[in-house]
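Order of the sequence lines fixes the chain letters, A, B, ..., with proteins taken first and strands second; residue numbering starts at 1 for each chain.
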Amino acid sequence: MPEPKIKPRLPKGMRDFLPQEMLKREHVFSVVREVFHLYGFEPLQTPVLELTETLMGKYGEDAEKLIFNAQHPGGKEELSLRYDLTVPLARVVGQYQNEITLPFKRYQLSPVWRAERPQRGRYREFYQCDADIVGIKDMSADAEILGVIVTALKRLGFLQFNVKINNRKLLTGMGQFSGVPDSQLGDLYRSVDKFDKIGADGVKGELLTRGIDNEAIGRMMDLIQSRQEGLENLDYLQSVMGDIPAAAEGIRELRELAGHLSAAYISMENYEFDFTMVRGLGYYTGPIFETVITEPNLGSVTGGGRYDNLIGLFRKDSLPTTGTSLGIERIIDLMSELNLYPAHLGGTVVQLLVTVFGDETRIESTKLAAELRAQGVRTELYMEDKNLGKQFQHADKKGIPLVAILGTDEIYQGVVKLKRLKDGEEVSVERGAAAETIQTLLEQPI
RNA sequence: GUGGCUAUAGUUCAGCGGCAGAACGCCUGUUUGUGGAGCAGGAUGUCAUGGGUUCAAAUCCCAUUAGCCACCCCA
């Protein structure tokens, strides 16, 4: 035995994606990209590294501890791996004011890095998939974002999901109305956000522990638990705290949003106003969104909202911005769990294996492969010198659906024999008609 | 960052003081122009690393490392 080599392993929380898995990932990516294009969003790519100063001060103290530094010996710039795609977007908008036409509708599908302790479904390197609209104050932009979310999830095959909508202004108003001091609003939100997990009593208990006044808690709980059908929910809140300016503005925004959604044929089956949904990030200023798959109950797959002030950090005047992030990693996991990948994805991109009998027929096999490739058939040409059985085994193991057999008999007759492995269907066709027959064999069930 | 669990073949795991095992996968053959299934055979391990206890350690103890899970936070 040779000397021990380097033990192959990965950095903590990072993954390789082998071909079979990549096919699934790329299927999800391409469906999502298609939907973005459908709504007129255009691609953006930014570097993996940003200047550290670009990232600092945007995510809050706790989150900043999770930013990866990327120094090299003798490096003069302070560099960090990007933590999300939103801050790079804000940087780009601030940096290319002459080149960017507003409204700027961009999407970005790229990895981000967080030095978190890895766990199931949580990695240190993962893809984010963001779509944002920069430059529109009006709720029509938020409605477009919700349209993208609903369309993408439907196209991926999710049947039962629910986009929860809330509004930061409304939450602020609720806090003020209930009499929770501004300094405790953060604690309040954090607890309220756990409503789904720990229930009303759990939230109450946590708020008490955090030292929030019992009476204020009571009023708050009443407001957030208002779960009437659709717009009636808003009517109720309006009647209770319409006098609080922040609340009134939040309610107005949500009404406007509902109007746009209805006009865009987005069914109320797919969204609801949920005043217990908060979202962690500090920079949200208006409507916020989060999508949960309801059947089965599998947690949230998108998150986002309006952040009208963030871009102001990179520009003299800020620009109103709203957007969403599809939790693409979780979506990919759920697609497997729910069996939503189309069967034709298989385990390989190869549609047909051209076999080789021996040295004397290899030239003809090579020619056949070239002919088929020229006609768009994804073809693998067998490259070793092994018997037919081995070649079939190879096709079978890789999940290649068709095998082309080209022996001396076939070459003499100017034909090629095609075999479909799934059911053993075998036909002989003229070389010139092979590509067409291959398509038929691939499409026909049997 | 806090707490818990685990580490044995390529993979999933059994073995829990006395010769290193199973299943799956892999390789070979079942006679050379046909895969999956069957049958027959075969290869594969510093039992994570370092120390300790013992006549004897994969097994018990300690440390280290790595992985997993929960919390915090988040996608």
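Judged by Watson-Crick or G-U wobble contacts below 3.5 Å, the nucleotide B/rA56 has no partner. Pair assignment for B/rU44: none, as no Watson-Crick or G-U wobble contacts are both less than 3.5 Å. Summarising the base pairing, B/rG67 is matched to B/rC5 through a Watson-Crick or G-U wobble pair whose two defining distances lie under 3.5 Å. Pair check for B/rC13 finds B/rG21; Watson-Crick or G-U wobble, both atom distances under 3.5 Å. Checking B/rU30 for Watson-Crick or G-U wobble geometry (two distances, each under 3.5 Å) identifies B/rG38 as its partner.
Donor-acceptor pairing under 3.5 Å, judged by distance alone, is absent between the side chain of A/Asp396 and the base of B/rG36. The base of B/rG33 is not paired with the side chain of A/Gln391 by any donor and acceptor separated by under 3.5 Å. With hydrogens and angles ignored, no donor-acceptor pair under 3.5 angstrom links the side chain of A/Arg114 to the base of B/rC74.
One finds no side-chain N or O of A/Lys397 lying less than 4.0 angstrom from the OP1 or OP2 phosphate oxygen of B/rG35. Contact check, A/Arg117 against B/rA70: no side-chain N or O comes under 4.0 Å of OP1 or OP2. One finds no side-chain N or O of A/Lys65 lying less than 4.0 angstrom from the OP1 or OP2 phosphate oxygen of B/rC73. For the OP1/OP2 pair of B/rC73 and a distance below 4.0 Å, the side-chain nitrogens and oxygens of A/Arg190 include at least one atom meeting the criterion.
The closest side-chain donor-acceptor pair between A/Tyr307 and A/Thr86, if any, does not fall under 3.5 angstrom. Remark: the A/Glu380 side chain and the A/His394 side chain contain an N/O donor-acceptor pair separated by less than 3.5 Å. Side chain to side chain, A/Asn162 and A/Glu272 meet the donor-acceptor criterion of an N or O pair below 3.5 Å.
Between A/Leu10 and A/Thr302, the one whose closest nucleotide on RNA chain B sits nearer the 5' end is A/Leu10. Each of A/Lys390 and A/Thr408 was assigned the nucleotide of RNA chain B with the nearest heavy atom; the assignment lying further toward the 5' end belongs to A/Lys390.
No donor-acceptor pair under 3.5 Å is formed between the side chain of A/Glu253 and the backbone N or O of A/Gly250.
Rounded to whole Å, the distance from CD on A/Glu116 to P on B/rC73 is 11 Å.
By the stacking rule of 5.5 Å between ring centres and under 30° between planes, A/Phe126 stacks on the base of B/rA75.
With respect to A/Arg15, the salt bridge (Lys or Arg N to Asp or Glu O under 4.0 Å) criterion is satisfied by exactly one of A/Glu21, A/Glu329, A/Glu125: A/Glu329.
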Report, one pair per line, the protein and nucleotides 7-9 of chain B atoms (nitrogen or oxygen only) whose separation is under 3.5 Å.
none

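Atom C1' of B/rC62 sits at a distance of 39 Å from the matching atom of B/rC26, rounded to the whole Å.
Nucleic acid contact for A/Leu66: none, since no nucleic acid atom lies under 4.0 Å from a heavy atom of the residue.
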Open item on the list: Between A/Asp132 and A/Thr321, does the side chain to side chain donor-acceptor pair (under 3.5 Å) criterion hold? Intermediate values first, please.
Closed with: CA-CA 7 Å; A/Asp132 296 82; A/Thr321 305; over 6 Å; no
